Amino acid sequence: MYGLEAISANNGWAMAIIGPLIVMSGLTILAIIISQLHKLVALFDKKAKQTTEPPIKSKDEISAPNIFPNDILKTAKIYQVLIDKLEQPFELSDLYQVAVQNNFPHPILTVSRLRDAGILIRESEGLFIWNR
Amino acid sequence: MYGLEAISANNGWAMAIIGPLIVMSGLTILAIIISQLHKLVALFDKKAKQTTEPPIKSKDEISAPNIFPNDILKTAKIYQVLIDKLEQPFELSDLYQVAVQNNFPHPILTVSRLRDAGILIRESEGLFIWNR
Amino acid sequence: MYGLEAISANNGWAMAIIGPLIVMSGLTILAIIISQLHKLVALFDKKAKQTTEPPIKSKDEISAPNIFPNDILKTAKIYQVLIDKLEQPFELSDLYQVAVQNNFPHPILTVSRLRDAGILIRESEGLFIWNR
Amino acid sequence: MELLLQFLSNTGFYLADYRNFVMLAIGSLFVYLAIAKKYEPLLLLPIGFGVLIGNIPFFKGFGLGIYEPNSVLHYLYFGVTTGVYPSIVFLGLGAMTDFSSLLARPKLMLLGAAAQTGIWVTLLSAMALGFMPKEAASIAIIGGADGPTSIFLTAKLAPHLIGPIAIAAYSYMALIPIIQPPIMRLLTTRQERRIHMSEPREVSKKELMVFPVIGLFLCCFLAPASIPLLGTFFFGNIMKESGVVDRLANTARSAVIDTATIFLGLTVGASTQGDVFLTPKSVSIFLLGAVAFSIATASGIIFAKIMNLFMKEKINPLLGAAGVSAVPGSAREVHLVGLKEDPTNFLLMHAMACNSSGVIGSAICAGILWSFMM
Amino acid sequence: MELLLQFLSNTGFYLADYRNFVMLAIGSLFVYLAIAKKYEPLLLLPIGFGVLIGNIPFFKGFGLGIYEPNSVLHYLYFGVTTGVYPSIVFLGLGAMTDFSSLLARPKLMLLGAAAQTGIWVTLLSAMALGFMPKEAASIAIIGGADGPTSIFLTAKLAPHLIGPIAIAAYSYMALIPIIQPPIMRLLTTRQERRIHMSEPREVSKKELMVFPVIGLFLCCFLAPASIPLLGTFFFGNIMKESGVVDRLANTARSAVIDTATIFLGLTVGASTQGDVFLTPKSVSIFLLGAVAFSIATASGIIFAKIMNLFMKEKINPLLGAAGVSAVPGSAREVHLVGLKEDPTNFLLMHAMACNSSGVIGSAICAGILWSFMM
Amino acid sequence: MELLLQFLSNTGFYLADYRNFVMLAIGSLFVYLAIAKKYEPLLLLPIGFGVLIGNIPFFKGFGLGIYEPNSVLHYLYFGVTTGVYPSIVFLGLGAMTDFSSLLARPKLMLLGAAAQTGIWVTLLSAMALGFMPKEAASIAIIGGADGPTSIFLTAKLAPHLIGPIAIAAYSYMALIPIIQPPIMRLLTTRQERRIHMSEPREVSKKELMVFPVIGLFLCCFLAPASIPLLGTFFFGNIMKESGVVDRLANTARSAVIDTATIFLGLTVGASTQGDVFLTPKSVSIFLLGAVAFSIATASGIIFAKIMNLFMKEKINPLLGAAGVSAVPGSAREVHLVGLKEDPTNFLLMHAMACNSSGVIGSAICAGILWSFMM
Ligand code: NA
Ligand code: NA
Ligand code: NA
């Protein structure tokens, strides 16, 4: 079967009318919702501010930075002395060794804080560089 | 079945003669073709030059750089002033804000051109740095 | 079936006694082994030193660096002159060309040594930069 | 000696059929266009080389051909026939797509809907040419100008046509720089092409995060059959915009989509075995594809002009042509045609908005067509 | 007109069922918690969005639903039902895990064993509530606080419960910051929480290399059924520590684990189709999960306190709570609770040691439970 | 109590068999060689650890063993038995291989062909030892010194031998630094080893782009059965050389090949379950493997010497040894042996050319052997 006959037999006309109608109305509704979205978001934001402070603070913010805000930078300065003794990039174990030799307290924990602070950066498997 | 008998029965001799013959002749032909390849390529290149200029230019070359070659660098200089107000890396939205506050025309489009020109570089999700 | 009856019928008590016993004893043994591990490793190290030098040296160490230790750096200095003529990043073929034009011996092999030495670094597909 | 003859009778030289050479020429052309002309190389190179691989003549029954159940190609093709590759490509696309300019100017979404008209006209045309309904629907989706969507729908409705439909869809997507500009110039005046679009408003991070959820709800409630495409698409997008799973979003838009693209292209190409592919049907599909693309482009432009009749702030009608998804080819063409008239007119960003709405539009159409055929 | 009606009767709006809306609300909550509260977003975002995708109402028989054999979701779900995704996730985890602090202080390994007590108590509870043994075992493993392990065991023992068990396991893992701190404070004195751990000794590269081999031998000889998890886990770890296959280790801990995480989360989420998921069993599983997590936390702490009775150098009993794997959530909580009492007390590294031993512990428990059920 | 006994009777300790311990020792040796001696660690570490995993004794019927149809290992092993992993590895290899030195000096390609002689001699030897033809062909391909090729052909012809053949192939590839140098020294004079190769001409980008197409046509028309390997190999190569799909090429040579390498190695290793592996056949295969490698090395060198009889510009005959693919092990050995005689003689680049031609050569041989067996 060919031509208009085939189209009719296969319900083609109905499809070709209803199909684009659905797409168009769907995307129109979506466009309308989107155009109101920023109001909705603003509304939510307002409400959120009025009712509550977030019950549980994001955990990342609580940790070290809040507690020793400038300590890390101070520590970094002190550690700079050790770093100068090492070639860049260096292995962490070398840093530990010089730290222990110089009686630095808590070397491993300090190193992990320096890493969190982005001052000590893993360059490749096992090798680290000092940022700044 | 073992030994020579097994080889004969399994058509081993024929395989062991024809097999290497095929590989050798195949790779020999390939070697010969390869050795003539640069001539072929040269020939094509010549012909291509004689007959036509490429009908459609690669699209990437047409766009912005050809049209405002030094404008981008000029724009970059002007934007440098804004960048100095921001901490590196910065969020794009911050850049937009200062641009709008200072009545810079077409901030979004300019930013997209600065990114194309490699002056504004995405450092990580959402954060950008200024190159130069 | 519910309650204690169900537990008994399903052999629950036995499981709840034997299960944690197995885990605990398994991890205890593992902990004990681990705590002795550094001794074991030390023992092995000692023994290894006493008996033999490693029969085959790791192949990576034999190659170029051992043989021309400072040559590469010297070569790098000489090549610096060529590099200065090129824009960074450059294509390898450009480097070859200037090398050949200036009668530098063995350009391709030298380049491969420079790459092994980390002086010539692939930045992206086909583009290289000079380190130092 | 007998062995030699037997071996020779298994070589490609002996088994070759003229149809293989036709396809090898087509494959080489694709590879050439991809490399020398840089026409959508991410699509054309894998498909073109796949055509070469699929058309090296081989002895049937070896387990070499893509249609033989234990061949490597057949296993890799599985991701096509099940629709898994298109879904994964959409995941990666979602993790790449920036909806901010669309959110800033939601009206542009209508252009993405209008450009789907090519699909419906092609549906009628294909039926008129005698294709069965499911075949006609699969051919029609070429008008959506979206490769993975076409492959997905065809895999579900008319798997025997995956090869020709995919080839047609990708060919025309690659030929966008040739097909679209004349139509754009024909249907727009110089003045219209010079219309500048105003700077879009800034879109907040929160809007961008909420959009994929709303988009999923609305589109997939309307046409649940588009879930396999739009579900992963919006999932990819929320991974990108949420900013809390950057490592997943990065992997989705690099390793994951690249791998799917490689194997999708390679196997779709290889599925064009000459003896299966070179049929009158394939020729009709190619012709219908050209119709589909042209109408899609035209209807997007015309719809934009109609919208301009009712709006104070006029839209540059070239943007209508970017409603055919073909990311990012058609957006680039719109931008370039606009630039030619006025070198200060940067349409790219707005055109990308139409592009992304075209992606959504054609995925919904695929869902509707699939649902119609049930 | 008839077609329109037929189409409308296939939309999600028409087909929707109240259970879908319940699940859509849950999914949205997960997405919200992941993005706004940053609760384990790598887990909650994929699962939450998966719940949304899986609960858009659709016409059954289309090949759209995750439980229909030819749907895309079904193919992607295959990695869950076979246990392949959990295995792959463990490969990546192994390639990420640093055992040096555990090797420096092997005693901490016992805390990882003690925290598994939650599993065994939950096993009894589940049986008492009338669950069949295999179901009870699958529910019990939630107490291991290890998502992939839970999914793996459930896939093997009670595949019909994958959805609720996974959701329960991941929910509680995300809620660790809410569940654990009160229990920690209840069971420890202020003085105990202030115990400082001495600096661990340095661990040699060779110890780190030998450990995965010894770990594999011991754990898998003891419980061979844990091979699919611990085999790949230790394989990943030796790739990391050997330093000779860095490119493989890098790929394992990035592209490989990310891809598995994406599809695991998405399909586990989608497996919670309202009509299958919302049953009284699911509610019981949720309740039992809360029991499991609480007991696991408590038993780790109590065991640490018992150990302190016998040891000269006291352990900070908070570390016991890190024996529930939930990497790295529980270690972070221990660290934060410790910090609150004494801002110079850095427990993180030690807690991570307990965490990794908890991972091993719960994988062994999974092996034991599986073996008990045979 | 009964439960405890039952559990203990399911532990590896109870079920262990002397053959497991033999294999565990072999696996440990592989791991040791990979880490301590750095012998091809990318191959040996995954395989070695796979041997350990596969040989932990377990209760049959649990769904744990690689030969049990519903085990995780079995699903991962699927990529081996179907030949999909080798194909994917070749895709990545292609995207890594630089053919410029081969194109500059095409004569070196003949050395890659000559070194395949080991295959044919081994074929006869294996037949003489009573192996069936298909088994003999699978064993013979070990002489190609190419792991994925060996696994691929064996998967097609004699799947029950995948374990021993893969182990033999990879063992000897790792032992290249021990096997090849003595043979090289035996068959060449000091003067020959000191021959310098002239600087190769520069190869244009276009030649590099055309080569994969020509290579595909010629090799696969000649031996269509090599399509699954060479098709993806040349596809990878054109992705690399075309420069228009860099993102795909990058993914192919990183995430894609790494993932395939990990799972290929792991499961091939695990397929060596003691009870299946430790048979007289395996021992014969190991012996034949040694023969194959030695003859391959020797025939490459001898062929180079024969070529020198006819050529004005002499080839350094050591290069012949690099015709056994074993990328890049054998090229490195040639380079090092050359360096020892004359520290200014850099053969590496030329040896790599022979290496890549050896890869092509052995893939063609695999195609020929497969075709012979039909
Ligand atoms: Na579209
Ligand atoms: Na655990
Ligand atoms: Na070879």
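Proteins come first, then strands; the chains are lettered A, B, ... in the order of their sequence lines, and each starts at number 1. Predicted model, so just to flag it, every value in this text is computed and none were measured.
Interface remark: E:Ile368 contributes side-chain atoms only to the contact with chain C (heavy atom separation under 4.5 Å). Contacts between E:Met373 and chain C at a heavy-atom distance below 4.5 Å involve the side chain alone, from C-beta outward. For chain C, the nearby part of E:Leu123 is the side chain; its heavy atoms alone come within less than 4.5 Å. Proximity to chain C is limited to the side chain of E:Ile360, based on heavy atoms less than 4.5 angstrom apart. Using a 4.5 Å cut-off between heavy atoms, C:Ile22 touches chain E through backbone and side chain atoms alike. Of the atoms belonging to E:Phe303, it is side-chain heavy atoms, and not backbone ones, that fall under 4.5 Å from chain C. In this structure, chain C has heavy atoms under 4.5 Å from both the backbone and the side chain of E:Leu103.
Chain C is approached within less than 4.5 Å, heavy atom to heavy atom, by no residue from residues 282-294 of chain E.
Most heavy-atom pairs under 4.5 Å with chain E: of the set C:Ile7, C:Val41, C:Ile17, this distinction falls to C:Ile7. Between chain C and the options E:Ile364, E:Leu124, E:Leu110, heavy-atom pairs under 4.5 Å are most frequent for E:Leu124. Contact count versus chain E (heavy atoms, under 4.5 Å) is highest, among C:Ala42, C:Gly19, C:Ser35, C:Ala9, for C:Gly19.
Among all heavy-atom pairs drawn from E:Met127 and C:Ala6, the shortest one is O-CB, 3.3 Å.
A heavy-atom distance below 4.5 Å is found between the side chains of E:Phe372 and C:Ile18.
The stretch residues 214-230 of chain E participates, sequence neighbours left out, in no salt bridge (charged side-chain N to carboxylate O under 4.0 Å, His left out) pair at all.
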